[in-house]
Participant: 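Can you read through this structure? Questions will come right after.
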Amino acid sequence: ALLRQEITYMPRSSTVDPVDRAKMVHWCYQVLDFCQLDRTIAEIAMNYTDRYSANCRQQRWTKFSYQQLAMTALYTAVKIHGAEAMDPRLVSEKLSRGTYTVSQIEEQERQLLEVLEWRVNPPTTTNYVTLFLGIVTKLVSIPVSQELAAFDCSMQLVMNVLKEDRFQRPSRIAFDAILTALRRETKLLDEQVDWIGCVVANTLGLDHCDCSFKIFECLATDTISQSSHKRRRHHHDEPMGTESPRSSAASPLFQETVSL
């Protein structure tokens, strides 16, 4: 059912600058961390953003207009999927530093929902990672500690890959992330992981493409290395003005992050 639903939520290509998109993904993560909300909401917000921009291909996306769209998409996604809604004044006065008014945010939200036809519950990679890992644990016996490590690794990969415009299909991202995580975090042999991949793909009707997996593996290695390096740098030698969102609510954090 998820795979069938996924097709209706897939965006077409758009004219948005991939660099601007990646910056807004990163900003969404920072805001959600600061508000202590589920990071999966960032994926949902970017699904809204991607689908809206794809359906408005004739619109010329400036940094100003795209930023407004992405901020509004996050505001809407939090309202629907978060533990509590954001006050639109927070988006206007704090997150955008007065760049957009409350009325602009609310009008953008109205347009967003109309274009999306109120289809606001897209399948996420988290849904698929949980589904796939459940199938894996029925196929082979994995210690709980390794299962949890594989899940955490998969989610780390997913969050990094979400910034890459070419990886947009949640089931594909989750499938490749799970296989990569199983190789990294469990004691399963490569042959066992290959077999698991084939079984899961055949069971769910996925296209098990080795070429795609190798590209993902390459990107995954790079993103894990970058993430580890950033964590070490943050812990040992964090420069002034780069505090994590949880440690500082200062608006310059958002000003720096939102600036496209």
Participant: Would you mind listing every salt bridge (charged side-chain N to carboxylate O under 4.0 Å, His left out) that reaches into residues 69-79, with sequence neighbours excluded?
Facilitator: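 Every salt bridge (charged side-chain N to carboxylate O under 4.0 Å, His left out) pair that includes a residue of residues 69-79, provided the two are not neighbours, is K79-E109.
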Participant: Taking only residues two or more places apart in sequence or in another chain, which ones pass side-chain hydrogen bond (donor to acceptor under 3.5 Å, both in side chains) with E117?
Facilitator: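 With neighbours one apart ignored, the set is empty.
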Participant: So, the side chain of Y66 versus the backbone of M24: is there a donor-acceptor pair under 3.5 Å, distance only?
Facilitator: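 Flag not set: sc Y66 to bb M24 has no pair under 3.5 Å.
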Participant: I need the L95 CG to F34 CZ distance, nearest 0.5 Å.
Facilitator: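 Here the rounded value is 8.5 Å.
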Participant: Please list every donor-acceptor pair under 3.5 Å in which a side-chain atom of residues 134-153 meets a protein atom from a residue at least two apart or in another chain.
Facilitator:
| from | atom 1 | to | atom 2 | distance (Å) |
| --- | --- | --- | --- | --- |
| T137 | OG1 | L133 | O | 3.3 |
| T137 | OG1 | G134 | O | 2.9 |
| Q146 | OE1 | K187 | N | 3.2 |

Participant: What closest approach, in Å, do S53 and D50 show between heavy atoms, and which atom pair accounts for it?
Facilitator: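 Of all heavy-atom pairs spanning S53 and D50, the closest is OG-O, 3.1 Å.
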Participant: Evaluate Y128 against F175 for side chain to side chain contact (heavy atoms under 4.5 Å, CB included), listing each step before the verdict.
Facilitator: CA-CA 8 Å; Y128 286 112; F175 180 72; over 6 Å; no
Participant: To the nearest 0.5 Å, how far apart are CD in E191 and CG in D194?
Facilitator: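 Reported to 0.5 Å precision, the distance equals 7.0 Å.
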Participant: Going by side-chain hydrogen bond (donor to acceptor under 3.5 Å, both in side chains), name the residues that satisfy it together with D190, two or more places apart in sequence or in a different chain.
Facilitator: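 D190 satisfies side-chain hydrogen bond (donor to acceptor under 3.5 Å, both in side chains) with R183 only.
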Participant: Distance-only, no hydrogens or angles: does the N55 side chain make a donor-acceptor pair with backbone N or O of R51 under 3.5 Å?
Facilitator: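 Yes.
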Participant: Provide the closest heavy-atom pair for W61 versus C56 in the form atom of the first, atom of the second, distance.
Facilitator: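 It is NE1-O, 3.7 Å.
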Participant: Any side-chain heavy atom of C35 within less than 4.5 Å of one from V31?
Facilitator: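 Counting from C-beta outward, C35 and V31 do come under 4.5 Å.
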Participant: Decide, yes or no, whether a salt bridge links D17 with R21 under the criterion of side-chain N to carboxylate O below 4.0 Å.
Facilitator: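 Looking at D17 and R21, the cut-off is not met.
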Participant: Can you name the closest pair of heavy atoms from A83 and L37 and give their distance?
Facilitator: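 Taking every non-hydrogen atom into account, N-CD2, 4.1 Å.
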Participant: Does the side chain of P122 come within less than 4.5 Å of N47's, by heavy atoms?
Facilitator: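 In short, these two side chains touch, coming nearer than 4.5 Å.
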Participant: In Å, rounded to the nearest 0.5 Å, how long is the span from CZ of R39 to CD of Q156?
Facilitator: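 If I round to the nearest 0.5 Å, the distance is 9.5 Å.
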Participant: Which distance, rounded to the nearest 0.5 Å, do you find between the OH of Y52 and the OG1 of T76?
Facilitator: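 Between Y52 OH and T76 OG1, I get 11.0 Å after rounding to 0.5 Å.
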Participant: Tell me which one of E107, E93, Q67, Q68 satisfies side chain to side chain donor-acceptor pair (under 3.5 Å) with Y100.
Facilitator: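 Of E107, E93, Q67, Q68, side chain to side chain donor-acceptor pair (under 3.5 Å) with Y100 is met by Q67 alone.
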Participant: Using side-chain hydrogen bond (donor to acceptor under 3.5 Å, both in side chains) as the criterion, list what pairs up with S65, not counting sequence neighbours.
Facilitator: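 Expected list: T62.
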Participant: Supply the atom-to-atom distance I173 CD1 to I178 CD1, rounded to the nearest 0.5 angstrom.
Facilitator: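 If we round to the nearest 0.5 Å, I173:CD1 and I178:CD1 are 13.0 Å apart.
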Participant: Which value, rounded to the nearest 0.5 Å, describes the distance between R184 atom CZ and L157 atom CG?
Facilitator: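 The CZ atom of R184 sits 7.0 Å away from the CG atom of L157.
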Participant: For A77, check side chain to side chain contact (heavy atoms under 4.5 Å, CB included) against everything at least two apart and list the hits.
Facilitator: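 A77 satisfies side chain to side chain contact (heavy atoms under 4.5 Å, CB included) with I41, I44, A45, Y48 once adjacent residues are dropped.
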Participant: Stepwise, does the side chain to side chain contact (heavy atoms under 4.5 Å, CB included) test hold for L32 with L74?
Facilitator: CA-CA 9 Å; L32 292 170; L74 180 65; 4.1 Å; yes
Participant: Please give me the minimum heavy-atom distance between N121 and I80, naming the atom from each residue.
Facilitator: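 Smallest interatomic distance, heavy atoms only, reads OD1-CG2, 4.4 Å.
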Participant: Taking it one step at a time, do W27 and M71 satisfy side chain to side chain contact (heavy atoms under 4.5 Å, CB included)?
Facilitator: CA-CA 9 Å; W27 177 82; M71 294 178 90; 3.6 Å; yes
Participant: Excluding sequence neighbours, so at least two apart, what forms side chain to side chain contact (heavy atoms under 4.5 Å, CB included) with V102?
Facilitator: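 By the side chain to side chain contact (heavy atoms under 4.5 Å, CB included) rule, V102 matches P88, R89, S92, E106.
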Participant: If we count only N and O atoms by modelled type, under 3.5 Å, do the side chains of Q104 and Q108 hold a donor and an acceptor together?
Facilitator: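 No.
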Participant: Can you name the residues that form a side-chain hydrogen bond (donor to acceptor under 3.5 Å, both in side chains) with T125, not counting sequence neighbours?
Facilitator: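 Only E43 meet the side-chain hydrogen bond (donor to acceptor under 3.5 Å, both in side chains) criterion with T125.
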Participant: Indicate, with yes or no, if L189 and V193 share a hydrophobic cluster defined by side-chain heavy-atom contacts under 4.5 Å among Ile, Leu, Val, Met, Phe, Trp and Tyr.
Facilitator: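 Different clusters.
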Participant: Tell me the closest heavy-atom pair linking A181 and S154, and the distance in Å.
Facilitator: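 Closest approach of A181 to S154: CB-OG, 3.3 Å.
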Participant: With side chain to side chain donor-acceptor pair (under 3.5 Å) as the test, would you mind laying out the steps for T40 and T126 before giving the verdict?
Facilitator: CA-CA 7 Å; T40 302; T126 303; 3.0 Å; yes
